[in-house]
Amino acid sequence: MKPAEAYILKQKEPYRSIMMHLQAVIEHSLSDAELKYKWRLPCFYIGKRPICYINQSKVYVDVGFWGSFSKVGSKEKNNFLCALNHIDE
């Protein structure tokens with residue numbers, strides 16, 4: 001098992017389920033994204049560029065974006081952002 005996946009699986013509920021869902025949304029929307037473990041966090045890269053990370057902090061889950069996210073293709077970016085907007089539905 002990859003360290004990033006182990007990090008997600010060791011989180012307590014409901015954070016584990018939220019992070020697993022975010023992982024699925026990211027991997028589905030950004031087909032070139034690769035999950036890596038950097039800075040002790042699950043991070044998604046496209047090539048050598050970091051795109052975003054997910055992290056459980058206190059009582060919520062963070063999704064952080066790096067500036068390189070702006071270089072992602074507009075169709076993929078729109079699909080990803082739309083999917084994030086509809087997570088609660």
Side-chain angles (χ1 to χ4, degrees):
M1 179 179 309
K2 295 180 180 181
E5 293 168 343
Y7 175 91
I8 292 169
L9 292 175
K10 78 173 187 176
Q11 303 306 311
K12 293 180 181 177
E13 288 296 342
Y15 310 109
R16 179 182 332 134
S17 294
I18 294 167
M19 294 177 81
M20 290 174 69
H21 186 77
L22 286 168
Q23 177 184 2
V25 167
I26 293 166
E27 290 175 346
H28 178 76
S29 302
L30 304 173
S31 57
D32 294 338
E34 180 183 358
L35 178 62
K36 297 183 178 186
Y37 191 66
K38 301 286 185 175
W39 306 287
R40 298 189 308 190
L41 296 172
C43 301
F44 290 89
Y45 278 68
I46 294 181
K48 294 183 179 183
R49 297 179 305 180
I51 302 301
C52 66
Y53 67 87
I54 54 178
N55 181 40
Q56 192 268 314
S57 299
K58 297 184 184 184
V59 294
Y60 53 88
V61 173
D62 291 330
V63 179
F65 295 91
W66 280 283
S68 54
F69 182 69
S70 65
K71 296 178 182 171
V72 172
S74 60
K75 182 178 179 182
E76 284 186 313
K77 190 184 314 178
N78 287 338
N79 288 343
F80 175 62
L81 294 174
C82 286
L84 282 180
N85 284 332
H86 292 97
I87 283 180
D88 288 339
E89 295 178 358

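No hydrogens, no waters, no symmetry mates; every other heavy atom, side chains included, goes into these values. Just so we're clear, the structure is a prediction, and the values are computed from it rather than from any experiment.
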Give the intermediate values and the outcome of side-chain contact (heavy atoms from CB on, under 4.5 Å) for residues Tyr7 and Asn55.
CA-CA 9 Å; Tyr7 175 91; Asn55 181 40; 2.5 Å; yes

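- If you take NZ on Lys10 and CD on Gln56, they are separated by 10.0 Å, rounding to the nearest 0.5 Å.
- Of the inter-residue distances, the one linking Ile46 atom CD1 with Asp32 atom CG reads 5.5 Å to the nearest 0.5 angstrom.
- Going from atom CZ of Phe65 over to atom CZ of Phe44 covers 10.5 Å, rounded to the nearest 0.5 Å.
- Atoms CD and CZ, from Gln23 and Arg16 in turn, are 13.0 Å apart once rounded to the nearest 0.5 Å.
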Worked check of side-chain contact (heavy atoms from CB on, under 4.5 Å) between Leu9 and Met1
CA-CA 10 Å; Leu9 292 175; Met1 179 179 309; 3.6 Å; yes

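- When all heavy atoms of Lys36 and Ala4 are compared, the closest pair comes out as O-CB, 3.6 Å.
- For the pair Lys48 and Pro50, the tightest heavy-atom approach, listed with the atom from each and the gap, is O-CD, 3.6 Å.
- Counting all heavy atoms, side chain and backbone alike, Val61 lies closest to Tyr15 at CG2-CD2, 3.9 Å.
- Atom-to-atom distance recorded for Asp62:CG and Leu22:CG is 10.5 Å, nearest 0.5 angstrom.
- Taken to the nearest 0.5 Å, the CG atom of Leu35 stands 8.5 Å off from the CD1 atom of Ile26.
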